[in-house]
S.K.: 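Below you'll find the structure I mean.
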Amino acid sequence: MNKFINKTYQQYRLIKINKRASDFAVGFSEYYDAVINTKTDQKVHLPFNEKEQEIIVGEFEVLKLKTGTGPSGEIIIKEPEKELTEDIFFNFINLSDDKGKISSFDIYSFANRYGLLVNQPFNIKLFKEKYHFETLSFWRYEIALMHSLIKTYSNYQNENIEELKKIFIKDKKNFLEFVYLDNTYSKFEENNLKSNIKLNIDLHDMISPSGNFLFEEIYEQLVVRVFYQILNERLRQTSHTIVTEVEEPGKFQNRNQRWINFKTENKDLLNFIWSSFASFIQKKGKINICKNNRCNKYFSSQKFTRAKFHSNQCRAAYARDAKMWELAQIKLIKDDNLLIIDERVTGIGKLRTFDALIVNEKNDKVLAMVEFSFSDIDHKSMKWNYMKKKISKNLNDLYKINKVNHAFLINKNGKLFEWDIKKKIYGNEVKKLPETKNLNQSDLTIDKTIRQLIDFNKK
Ligand SMILES: [Zn+2]
């Protein structure tokens, strides 16, 4: 397995900069130009909103690394470094969640652990002999691009033609052109990404037996072309071949003792990540998606091609979740007209305040919110007051917006607790759910497409 040693920094910081901001105590605004002039591609790597530009700063102080003094008084230092293996590209890809959101903090944690993408302390002059910068929009674009490609690769591998059709769009005017267009990442305002991922694909040299360039006929050629174009560009920009002098050991001779050699090296971490990724694709590595739907990370398993979970924690979480759902079905759904839905599939899940919702199947209206507890929480627990406050607050918020009046908490033993805003009930233990006719209907409606999806999955 290929390895790469990244030279790292002693400290990292995540900060916001902007052109005129003089109010930064640390004074980083003066480095605005320096950041803008780093070797990124201005077309794709600049942020959507410059005022919201975030950067990650690597701080390096050579004097702090002094481990001793050499015989002629020179300073001996030990450079901090991190050895990385090829599978690092999965960590990089998974900095995006499955919806395309890329959190600043996750990038910061990654840098803290593995170092910066294109900077290393001694390879470029340090600003003020101490700092290197990388913009988060640069990080995000590279993450988004690789995430988009692995998604496409996964859809290709699983023959999800319908999913591929959403990304490969036929040009309406030009019969012989497709566009690879993925706006999954730029649509999140907080990602602050300027551009969609977009690539034009020319069909002239592609093979279509029917002559009509039907998607089903040419999709493999399209996928390969996208890889060809993007990977070539990524690796060309950063390939690095160095020439060294090599010496045969032994007694000095004026011929055949010394000659040249050359090798291709990964210039920086980003280059190593892209070349590891390219090598995975080239070898047709099997890609899996973690089945724990709180995770959905991409991974590959050397041992099992059909591995379902990316970690043992995810395997355990999934089993625990499945048990909880079964319990919730038994305790909460006695009426045929009720349906319990995982909040994350509804899109309301953006709030992430409750785990599930109970819906009236007849009109798709939400009747109640449900919270799962994987502990044996009840009125006697230390955490009860905290839980009670949390649920009361979250339900109150939903009541104000959508008139959602009921919430239930179910613990791992199947104990049930009720909230009812109108009746001023806040966490009373109950034996079972009230009759459906006694539940107040909210004006929150579950999207038709989500209902179809759930019905489809039931079959
Ligand atoms: Zn997982």
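Both counts, for ligands and for their atoms, begin at 1 and track the order of listing.
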S.K.: Answer yes or no for Lys415 and Phe417: cation-pi contact, defined as NZ/CZ to six-membered ring centre under 6.0 Å and angle to ring axis within 45°.
M.R.: no
S.K.: Without swapping roles, check the side chain of Ser208 against the backbone of Phe213 for a donor-acceptor pair under 3.5 Å.
M.R.: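 Yes: the side chain of Ser208 pairs with the backbone of Phe213.
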S.K.: Does Phe227 have any ring pair (Phe, Tyr, Trp, His ring centres under 6.0 Å) partners at least two apart in sequence or in another chain, and if so, which?
M.R.: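 Partners of Phe227 by the ring pair (Phe, Tyr, Trp, His ring centres under 6.0 Å) criterion come out as none, since no residue qualifies.
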S.K.: Does Glu61 have any salt bridge (Lys or Arg N to Asp or Glu O under 4.0 Å) partners at least two apart in sequence or in another chain, and if so, which?
M.R.: Lys64, Lys130
S.K.: For Asp202, enumerate each residue passing the salt bridge (Lys or Arg N to Asp or Glu O under 4.0 Å) test, keeping only those at least two apart in sequence or located in another chain.
M.R.: none
S.K.: For the Zn ion (ligand 1), which protein N/O/S atoms are closer than 2.8 Å?
M.R.: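 Counting only protein N, O or S atoms under 2.8 Å from the Zn ion (ligand 1), the list reads Cys290 SG, Cys295 SG, His310 ND1, Cys314 SG.
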S.K.: Which one of Thr445, Asn402, Asp443 satisfies the side chain to side chain donor-acceptor pair (under 3.5 Å) criterion with Lys365?
M.R.: Thr445
